[in-house]
**Q** 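Please find one structure pasted underneath; my questions will follow.
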Amino acid sequence: MLYAVVSGFGAALVAPLIHQSVRRWSGWLLVLLPLALFGYFASHMEQISDGEKIAFAYTWVPSLDVELAFMLDGLSLLFVLLVSGIGALIVLYGSAYLADHPQLGRFYAYLLMFMASMLGVALADNLITLFIFWELTSISSYLLIAFKHDYESSREAAKKALIVTGAGGLALLAGLILVGIEADTWTISELASRKDVIQEGGLYLPALLLILVGCFAKSAQFPFHFWLPYAMEAPTPVSAYLHSATMVKAGVYLLARLHPSLGGTDEWHAIVTGVGGLTMLIAGFIAWQHTDLKKILAYTTISALGILVFLLGIGTGLAVKGAMIFLLVHSLYKGALFMVAGSIDHETGTRDIAQLGDLAKSMPFTAVGAGLAALSMAGLPPLLGFIGKEIIYEATQEAHDLLPLVLTAAALLANIFNVAAAAMVTLKPFTGQAAHTPKHPHEAPLAMWIGPVVLGGFTLAFGVASNLLLKDFFAQTVAAVYGKPYEVKLGLWHGLNTTLVLSVVTLVAGGLLYAYLRQILPIVKPLNVGEKLGPDRLYDIGFEGILDFASLTERFFQNGHLRYYLMTIIFTLSSLLILTMTTQIDFDSIQLNVDDVLLHEYLLAGLMIAAAITITMTSSRLMAVAALGVVGYSVALLYVFYGAPDLAMTQFSIETLSVVVLVLVLYRLPKFKDFSTPRSRARDGIIAVMFGGLVTTLILIITSEPLQSRLSPYFAENSYVLAKGHNVVNVILVDFRGFDTMGEITVLGVAAIGIFALLKLRPSSRKEE
Amino acid sequence: MNILLILPILVPFITAILCLFFWGRVHFQERLTVAGMLILLIIGIALLSDVHENGIQTAQLGSWEAPFGITFAADMLSSIMVTITGLMGLMTALYSVVGMDETRERFGYYPLLNILLMGVCGAFLTGDVFNLYVWFEVMLIASFVLLALGGERAQLEGAIKYVTLNLVSSAIFLMATGILYSVTGTLNMADLHLVVGDVKQPGLVTVLAMMFLVAFGIKAAIFPLFFWLPASYHTPPVAVTTIFSGLLTKVGVYALIRFFTLIFVHDTNYTHTLILIASGFTMVVGVFGAVSQLEMRRLLSFHIVSQIGYLLMGLGIFTAASLAASIFFMVHVIIAKSALFLVSGVVNRLSGTYDLKKLGGLYKASPTLSILFFVPAMALAGIPPLSGFWAKFALVRAGLEAEDYLIVAISLFVSVFTLYSMIKIWSEAFLKKPKVTPGQINFREADWLQMLFPLAVLAGLTLVLGIAVDPVYQLAQEAAEQLMNPTLYVTTVLGGE
């Protein structure tokens, strides 16, 4: 099974090369991979339907508890079949749709990379492995949305999608880790058995919220749904594949996958059902107000995802069954309709339904696919969509623990919107009067109409023979999500009951909405406050706000002035020292011994302070240099008093030399100018005094205890005996700590190179940059 | 005495001296340096496997027994850092052969590069506080000259800020070292571990910890001490920026990790909480700086700051898991960030600018370069299965396990903006139509390939480190275990006391 996942990545690597070598036939060649995968997974159908689970695990990162664990059960099989099956159709479709595009090779690469990632998501049995594939789908989605990268709208749409799903992904990561820590396992199939530990732990709610944010962002749930309509900037094959049939269902998949371990609590019901319900209504409401085919389909996709989340929130066996059937229903019809929309766009040059009509004559095959898909979307028998809708109504009515009436009403409304949208995307373009389109319409090539027809055919076959084809398999799918075995019966006829009445009401109301669209639109216009105040605007404002704040912070801290940088550093150090000293030092135990300070020592200290003050106050450079010399000489004198004559000698010579050099250099410079205001001088003064005071205090504290060095006696003892040198200081420099000296000599050598280069190498002396 | 500990200093040192002998023969210097760096890398690997198999290694210089002489000690952390230094040196040297202008090469570029690496290796291997100071000085002077080499106006302005602020760091470091010596009577790190507890005023040790925190914090470019970095890193040629970004701040981080696991561990509630606070601010302010930039190198420079925050996060959380995460993060970020800086250099060679407003069209112009940018950029943003993902995952997990929720939240928030800024470069420099068309690739084919080679190695490593993460991560864990059990280090250095 590892090969099944990895082969897609491998194929992605070579896809551009294959495309370069075989050109026209690359699509037909590359489609073999998803087809083979479809066949491979389908061959497990019988096993899975019998209730088996197939698991594989490969060690990967044992030090972080991540293994490449895969598991095939009813839920993952449903997903991988959709991913590979629709993937095959899309590769074909894309090969014709982008036939003349110079970057078709890259397109295949991204598409196959996505397919492999999505297979990984569906098969992963380790929380982190799942997350890895999850993020890879986001990245491939980004690359595909930005495919038409010359357009700013594409780039921005891709960025938005990536940031929203990426941010959601980070929340998800934190949530998954919390679950892993709490459950003490990273294997997904083991989580359900530790349901109690997870749900009773203190981290349940934060973990749940974080995971939900990730799922909702990915599956375009309110209030994170806004990235999806923008994602329609992607080439239509991408919209059909990623942004309706597969990737956006990853969030739904994860909700379903974690339902046995995280679901069933009040929080779960409230949040998941609530968000799903809100999403299906809001998006459904917006859908039929658009005229762009892809926009309509995008919003109905969000709405459909809302229905799925809504059902998983309810979480009864019936609701789960409804969700799984509807998931299949939606993937089939929505993939088909997007391909149809792409074909229409491709052949007529527009996808505005106001400009389209009577295409059934010129595009008959496409029309068949579109018709089947739309009938399923509207929920008409004998298509699978009808069955899906019936179960949804049954589930809402039976959700006794929640509010069955409200839920049923909400589902009804969402389905009515759906019917209207279904009518809009097929009746309008394919029937009625022929309209004038930018290009003369004709049938799309085989590679492009085969997709909708195949998907439409499946919808029909599954609808007619639902019990025969789907029963056993879906029993396993539902069991995987529900957490317990569940008997699944499917059929078109459920008897004369409320559910059937609801179905009829849905159709009639949806039909009326479509028929009187022109009259209704002006009435509902004022209700669209979302454009100004919705999450999309909030996101833009929020994100821009953070960016503005960011650049403000940047300009505040990185202001370009060295003096402020210095000030900040000194100030930081001082604050840390004050904080630490006041809280941690016991000042009472410190005794200052000032009695043994001699008069000449006082004098020397006074001299140094006076000289230091002179340096800061004087306006003459010469004076400053001289005062600096005074400080240096005084320090050297201190060495003399404390018995370090060789240090004093060194210090004397350095001080003399630096004063001489400084005077020579400064002589050539212009006069001092005073730029600072009295206020800034005062501020600088305070900081300087503060820091000086702190260091002084510190020294006083330290000198209150006698210095004990274990090193000095050792050096004194061994410098002659072992190192054969009389002068201890010299021996320290060249032997005991000779390596330090080598380093310092290197420093001097490098400084010499530096001075040479700075003097000799000027920009003007060079020809080019 | 293990010679492997001294060779990382000697090899670049001798290479530098040889380069000086052949001052006028630039091409010979190139070859010498590449060879030297290769040897350094091999030594690093040998040292790493030695320490991995035989435990911590030491060398007492001049055979003066510790704590009286200067001790060199290599634990896993040191060995990992030396190895990565060798790798970075080799990649930079390879890039410089084509990427560095000949004028700079004629004014001592290669000797300086070697001396810089000598300082870096010294800092990673020394077990003596004052000796560490000396290596810091070696690095400072070498980096200062490298930064100013060329004498362009922007370079000099950046170099002045760089050297001034780093000298402040040195001054604080020296002052703290003096005080440390006067209260403990020793400078040997292992010895210090034993005796800091005996200081009569325990608060005084914390005060010293603060001084070292600031001194190394400046070097590591943490908030609010990082100003020198964004002020200077974008001014020199890109090879110089690359080696700086890869190694210099990391020496600061290394020193912080060393000091705050070996010496200052008496009051972790106080010191390590402060580090955690600094880490949070560093991440946020760094990334905020990055998203505000329109100049590619400046953007990347601010990211260095932001990533330092992540490295400190592991130290602040202070568990074996978090330190392992930090060490792995460090390896990852050195590689990924260097790759990105090298890309910026190639971009500049192609388009003549670093300005994101003017750039564009590189996705069409060069698919190879596009991949070589996209992979490390996504690695930096923490996208799986690249190296950055594991670094982020390990760190977040360690944080959540230690129940440090706030810093985890901050790190994830920052991660979004890291992704955003990488996408910004990608979108502006690669995807969009350019204002000025990228110049013809006016290289000889061989030069072009040679320039891309180090880039490809580094970008490839972010992928390899992502997929074959386990062996490297185990080394990081081993290093963290050693850090959390300082007794090992201490007894190895001082003998079985």
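Each chain gets a letter, A, B and so on, in the order its sequence line appears, and its residues count up from 1.
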**Q** Using a cut-off of under 4.5 Å on heavy-atom pairs, state which of B/Val287, B/Leu61, B/Val199, B/Val396 scores highest against chain A.
**A** B/Leu61
**Q** Heavy-atom cut-off 4.5 Å, strictly under: side chain, backbone, both or neither for B/Leu274 against chain A?
**A** side chain
**Q** Using the test side-chain contact (heavy atoms from CB on, under 4.5 Å), find all partners of A/Ile546 that sit at least two apart in sequence or belong to another chain.
**A** B/Phe288, B/Phe413, B/Phe417
**Q** Are B/Trp64 and A/Asp735 linked by a side-chain donor-acceptor pair shorter than 3.5 Å?
**A** yes
**Q** What part of A/Ala723 gets closer than 4.5 Å to chain B, counting heavy atoms only: side chain, backbone, both or neither?
**A** both
**Q** Taking the side chain as every heavy atom from C-beta outward, state whether B/Leu229 and B/Phe302 have any atom pair closer than 4.5 Å.
**A** no
**Q** Out of B/Gly119, B/Ser169, B/Gly69, B/Pro224, return the one with the most heavy atom pairs under 4.5 angstrom to chain A.
**A** B/Pro224
**Q** A/Asp65: which residues meet the salt bridge (Lys or Arg N to Asp or Glu O under 4.0 Å) condition with it, sequence neighbours left out?
**A** B/Arg397
**Q** Below 4.5 Å from any heavy atom of chain B, which atoms of A/Arg106 appear? Answer side chain, backbone, both or neither.
**A** side chain
**Q** Heavy atoms only, distances under 4.5 angstrom: which of B/Thr126, B/Asn188, B/Asp128, B/Val168 has the most pairs with chain A? Name it, please.
**A** B/Asp128
**Q** Which of parallel (below 30°), tilted (30 to 60°) and perpendicular (above 60°) describes B/Trp135 and B/Phe72?
**A** perpendicular
**Q** Decide side chain to side chain donor-acceptor pair (under 3.5 Å) for B/Gln474 and A/Ser63; before the verdict, give the C-alpha distance in whole Å, the side-chain angles of both, and the deciding distance to 0.1 Å.
**A** CA-CA 6 Å; B/Gln474 275 177 13; A/Ser63 47; 4.9 Å; no
**Q** Between B/Lys200 and chain A, which part of the residue has a heavy atom less than 4.5 Å away: side chain, backbone, both or neither?
**A** side chain
**Q** Relative to chain B, which segment of A/Phe543 carries a heavy atom at a distance below 4.5 Å: side chain, backbone, both, or neither?
**A** side chain
**Q** Taking A/Thr580's backbone N and O only, do any of them form a donor-acceptor pair with B/Thr206's side chain (distance below 3.5 Å, no angle check)?
**A** no
**Q** Could you look at B/Ser63 and say if it's the side chain, the backbone, both or neither that has a heavy atom under 4.5 Å from chain A?
**A** neither
**Q** Measure B/Ile115 against the heavy atoms of chain A and call it side chain, backbone, both or neither at under 4.5 Å.
**A** side chain
**Q** Heavy-atom distances under 4.5 Å only: say whether A/Leu64 touches chain B with side chain, backbone, both or neither.
**A** both
**Q** Side chain, backbone, both or neither: which part of A/Ile585 has a heavy atom under 4.5 Å from chain B?
**A** both
